[in-house]
Amino acid sequence: SAASEQSRPIASRVALEAQVAALVELYADGRDVPRPDGWGAYRVIPHRIEFWQGRTSRLHDRLVFEREAGKGAQAPLWTVTRLQP
């Protein structure tokens with residue numbers, strides 16, 4: 001990996017940030033950071049997300065976040081609606 005050996009122990013947050021700073025300096029000229037062999041990914045662009053938090057009273061909290069129409073994936077604007085349980 002580029003800056004992080006994912007899921008491996010690290011001494012501190014400061015050590016992780018130092019690894020990132022070294023990588024930023026190494027690629028400061030704008031070159032692409034090479035991807036590890038076998039690297040792959042999916043891009044997921046949600047349009048609607050619901051968060052649900054249960055309560056013993058059954059008056060659960062439900063919040064729905066919806067992407068505003070016509071907004072791009074880079075800086076989406078979201079509306080938030082509270083739903084009844």
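Owing to the predicted nature of the structure, the values given are computational and were not obtained by experimental measurement. FYI, the numbering just counts along the sequence from 1.
In this structure, the separation between CG on Leu83 and CZ on Arg62 is 4.5 Å, given to the nearest 0.5 Å. Rounded to the nearest 0.5 Å, atoms CD1 (Ile10) and CD (Gln19) are 4.0 Å apart. For the atom pair Arg82 CZ and Asp61 CG, the distance stands at 5.0 Å (nearest 0.5 Å). In this structure, Glu68 CD and Thr79 OG1 are separated by 6.0 Å, a value rounded to the nearest 0.5 Å. Note that the CD atom of Gln84 and the CG atom of Leu59 stand 10.0 Å from one another [nearest 0.5 Å].
Contact record, His60 with Gly54: ND1-CA, 3.3 Å, taken as the closest heavy-atom pair. Nearest heavy-atom pair, Pro46 versus Trp78, reported as atom, atom and distance to 0.1 Å: O-CH2, 3.4 Å.
Hydrophobic cluster membership differs between Leu63 and Trp52, with clusters built from Ile, Leu, Val, Met, Phe, Trp and Tyr side chains linked at under 4.5 angstrom.
No donor-acceptor pair under 3.5 Å is formed between the side chain of Arg35 and the backbone N or O of Gly40.
Between Pro34 and Trp39, the closest side-chain pair of non-hydrogen atoms is not below 4.5 Å.
The neighbour count for Arg13 CZ, taken as heavy atoms of other residues, nucleotides or ligands under 6.0 Å away, does not exceed 12. Shown here is Asp29, whose CG atom has more than 12 heavy atoms of other residues, nucleotides or ligands within 6.0 Å.
Aromatic ring pairs are classed by plane angle as parallel below 30°, tilted from 30° to 60° and perpendicular above 60°; the pair Phe65 and Phe51 is perpendicular.
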